[in-house]
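Remember, it's 1-based here, ligands and their atoms both numbered in the order they're listed. The first residue of the sequence shown is numbered 1, and numbering continues consecutively from there. Not measured: the values here are computed from a predicted model.
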Amino acid sequence: MPPVKRVLILGSGFAGLWAALGAARRLDELGVAQSDVDITVISSQPYHDIRVRNYEADLSPCRIPLRELLDPAGIGHITADVTGIDASTATVSTAGGATLGYDRLVLAVGSKVAKPDLPGLAEFGYDVDTYDGAMTLQAHIRSLAGSKSDPASATAVVVGAGLTGIETACELPQMLADALGPGVTPRVILVDHNPHVGSDMGDSARPVIEDALADNKVDTMTGEGVAAVDERRVTLSSGEVIPAATLVWCAGMRANRLTAQFGVPCDRLGRLPVDDYLRVEGINHVFAAGDVAAAKMDDEHQSVMSCQHGRPMGRYAGYNVISDLLGAPMLSLRIPWYVTVLDLGPAGAVYTEGWDRKVVSRGEEAKATKRVINGERIYPPLTGVRAELLAAAAPNLQAPPAYGQ
Ligand SMILES: Cc1cc2nc3c(=O)[nH]c(=O)nc-3n(C[C@H](O)[C@H](O)[C@H](O)COP(=O)(O)OP(=O)(O)OC[C@H]3O[C@@H](n4cnc5c(N)ncnc54)[C@H](O)[C@@H]3O)c2cc1C
């Protein structure tokens with residue numbers, strides 16, 4: 001009997017889950033028995049987290065046990081923090097002291113919000129970067145009910161007026177109102193060192209975002225930063241002190257530090273360069289997908305740290321890792337469209353098309369699209385049926401989300 005080959009997939013987010021299911025699907029397609037190729041996911045959490053929804057008030061649908069998604073597909077999973085990868089020996093080590101060998105590896109360990117070393121931030125700052133982080137923020141907000149006569153309790157500062165910061169700021173007034181009850185008017189302030197909010201969203205969407213923030217009664221402070229945080233105060237870089245019991249840090253994303261383990265020059269976000277097959281350039285037998293990888297989406301544009309790109313990158317990495325292992329043809333990934341659908345809370349949403357982000361839909365109409373994305377489009381089948389899970393992992397590009405229907 002030939003020895004069993006092993007494919008390790010690190011991470012179980014949008015890229016990792018779809019890489020694992022895509023790999024299992026490709027094995028089936030090639031008629032190779034699962035007993036000949038072991039596919040195992042190693043992830044810090046035994047869950048597939050729907051990370052993009054962490055700004056929402058109800059996170060109950062956002063954490064799916066891996067056993068419900070991977071067991072039916074015959075994919076192994078280990079809960080462990082990966083601490084080291086040695087491509088020269090083709091091994092991965094974990095915080096628990098285990099060392100696992102691989103024949104092929106898919107790195108899909110995502111990204112983290114980049115928190116600077118500001119006084120008090122690590123202790124008193126919150127985030128919506130992970131499910132656990134978002135749940136901690138929500139528990140903190142609920143705890144404010146006990147001190148609601150203090151103006152700091154009613155005030156939240158959100159740092160970073162990018163997509164995550166805007167979505168979070170738009171939800172917070174209602175979250176604070178629900179926690180503090182009648183008679184208290186929440187104040188939410190969105191702070192950004194750039195001269196405008198939503199700098200990445202371009203000129204077409206900016207007025208829509210500004211109107212929505214105003215409608216949601218979110219104040220904005222641009223050209224401003226945060227210098228320090230304590231339990232009930234935020235000190236801005238201008239020296240102004242805002243009584244605020246809640247600070248949510250949403251500024252900047254960095255690829256997982258494990259990308260540095262390969263000795264390959266990474267981009268400014270810490271991402272590994274990958275070719276059109278998602279192979280890490282210059283490293284044998286290693287693929288990367290999602291926020292850890294910079295792939296070309298077309299001749300001009302690199303992938304964006306997003307589930308929009310992470311899911312297809314995962315599917316193609318899964319397809320290709322098995323193809324490469326078994327000497328079968330691989331598929332190159334190019335995505336000919338790019339959209340952004342930004343949730344604006346009670347003010348609806350804004351949908352932009354193209355890399356220059358032209359607004360094509362807004363308000364309730366765009367919100368209907370966002371609900372479909374967050375509630376259906378980005379979910380794996382939850383039926384536990386192997387054939388459905390594998391079919392959903394086919395390397396087919398989805399059409400852009402529909403709008404205006
Ligand atoms: C609040 C918020 C809103 C967002 N909104 C959007 C949006 O509207 N549209 C969009 O396209 N994108 C959005 N994003 C970005 C999107 O969530 C990410 O780009 C996407 O999650 C990346 O997928 P990934 O699989 O690369 O990483 P992740 O989804 O972060 O998954 C990483 C996985 O790796 C695991 N892991 C990490 N470190 C280790 C380790 N050392 N060892 C083992 N396992 C590890 C984690 O547990 C996790 O399973 C949003 C992000 C946030 C935080």
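Between H301 and D298 the shortest side-chain heavy-atom distance falls below 4.5 Å. Between L118 and W249 the shortest side-chain heavy-atom distance falls below 4.5 Å.
Considering backbone and side-chain atoms together, C307 places an N or O closer than 3.5 Å to an N or O of ligand 1. Some N or O of A15 is nearer than 3.5 Å to an N or O of ligand 1, by distance alone. Taking any N or O of S43, backbone or side chain, at least one lies under 3.5 Å from an N or O belonging to ligand 1. Taking any N or O of S12, backbone or side chain, at least one lies under 3.5 Å from an N or O belonging to ligand 1. Distances between N or O atoms of S111 and those of ligand 1 include no value under 3.5 Å. Of the polar atoms of S306, at least one N or O is found under 3.5 Å from an N or O of ligand 1, judged by distance alone. The N/O atoms of Q308, backbone and side chain alike, include one that comes under 3.5 Å of an N/O atom in ligand 1.
Residue contacts with ligand 1 include A80, since one of its heavy atoms falls under 4.0 Å from the ligand. For the ligand labelled ligand 1, residue L10 lies outside the 4.0 Å heavy-atom shell. Residue contact check for ligand 1: G310 places no non-hydrogen atom closer than 4.0 Å to it. Put simply, no part of L163 is less than 4.0 Å from ligand 1, judged by heavy atoms.
Residue A108 has at least one heavy-atom neighbour below 4.0 Å for each of these atoms of ligand 1: 32 (C), 33 (C), 34 (O). Residue contact check: T164 has heavy atoms under 4.0 Å from atoms 1 (C), 2 (C) of ligand 1. Set against the non-hydrogen atoms of M305, the atoms of ligand 1 under 4.0 Å away are 19 (O). Atoms of ligand 1 found under 4.0 Å from any heavy atom of G290, numbered from 1 in the order shown, are 26 (O). Which parts of ligand 1 touch D81 is read off a 4.0 Å heavy-atom cut-off, strictly below it: atoms 42 (N). Every atom of ligand 1 with a heavy atom of V128 under 4.0 Å away is listed here by number and element: 1 (C), 53 (C). Taking every non-hydrogen atom of G11 and a distance limit under 4.0 Å, the qualifying atoms of ligand 1 come out as 33 (C), 34 (O), 35 (C).
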Salt bridge (Lys or Arg N to Asp or Glu O under 4.0 Å) between D38 and K5, intermediate numbers included: CA-CA 6 Å; D38 171 75; K5 303 266 187 212; over 6 Å; no
Please walk me through it: do E365 and K370 pass salt bridge (Lys or Arg N to Asp or Glu O under 4.0 Å)? CA-CA 9 Å; E365 182 186 88; K370 186 70 175 178; over 6 Å; no
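At the top of the distance list for atom 21 (O) of ligand 1, counting protein heavy atoms only, stands F14 CD1, 3.3 Å. The nearest protein atom to atom 18 (C) of ligand 1, hydrogens excluded, is given as D291 OD2, 3.3 Å; this is a heavy-atom distance. Nearest non-hydrogen protein atom to atom 37 (C) of ligand 1 is V109 O, 3.3 Å. Of the protein's non-hydrogen atoms, S44 OG, 3.1 Å is the one closest to atom 45 (C) of ligand 1. With respect to atom 31 (O) of ligand 1, the closest heavy atom belonging to the protein is G13 CA, 3.4 Å. Of the protein's heavy atoms, G110 CA, 3.2 Å lies nearest to atom 27 (O) of ligand 1. In this structure, the protein non-hydrogen atom closest to atom 38 (N) of ligand 1 is N256 ND2, 3.0 Å. Nearest to atom 13 (C) of ligand 1 among the protein's heavy atoms is V52 CG1, 3.2 Å.
A donor and an acceptor atom, one from each side chain of D49 and Q45, are nowhere located under 3.5 Å apart. Side-chain atoms of H77 and S43 form no donor-acceptor pair, as typed in the model, at a separation below 3.5 Å. Counted by atom type alone, D81 and S44 present one or more donor-acceptor pairs between their side chains at under 3.5 Å. Between the side chains of T91 and T89, a donor-acceptor pair is found at a separation under 3.5 Å. In the model, Q302 has no side-chain atom that pairs as donor or acceptor with a side-chain atom of D267 under 3.5 Å. D276 and S332 share no side-chain donor-acceptor pair at under 3.5 Å.
Using a 4.0 Å cut-off between heavy atoms, D343 makes no contact with ligand 1 at all. The proximity of K370 to ligand 1, defined as any non-hydrogen pair under 4.0 Å, is limited to the side chain. Of all the heavy atoms of L258, the ones lying under 4.0 Å from any atom of ligand 1 belong exclusively to the side chain. Under 4.0 Å from ligand 1, not a single heavy atom of C250 appears. With a 4.0 Å heavy-atom cut-off, ligand 1 is reached by the backbone of V82 and by its side chain too.
For K296, the NZ atom is loosely surrounded, since the number of other residues' heavy atoms within 6.0 Å does not exceed 12. Heavy atoms of other residues, nucleotides or ligands lying less than 6.0 angstrom from CZ of R257 number 12 at most. For R362, the CZ atom sits in a loose shell: 12 or fewer heavy atoms of surrounding residues, nucleotides or ligands are nearer than 6.0 Å.
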Using distance only, find each side-chain donor-acceptor pair of residues 200-215 under 3.5 Å and give its atom names and separation, not counting sequence neighbours.
residue: D203; atom: OD1; partner: R206; partner atom: NH2; Å: 3.4
residue: S204; atom: OG; partner: V359; partner atom: N; Å: 2.9

Output side-chain donor-acceptor pairs under 3.5 Å for residues 279-288, partner residues at least two apart or in another chain, one line each.
residue: R279; atom: NE; partner: D275; partner atom: OD2; Å: 2.8
residue: R279; atom: NH2; partner: D275; partner atom: OD2; Å: 3.0
residue: H285; atom: ND1; partner: R104; partner atom: NH1; Å: 3.2

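In this structure, R26 satisfies the cation-pi test against Y319, with its NZ or CZ atom closer than 6.0 Å to the six-membered ring centre and inside 45 degrees of the ring normal.
For H309 and F14, the gap between ring centers reaches or exceeds 6.0 Å.
For V184 against A154, the heavy-atom pair with the smallest separation is CG1-CB, 3.7 Å.
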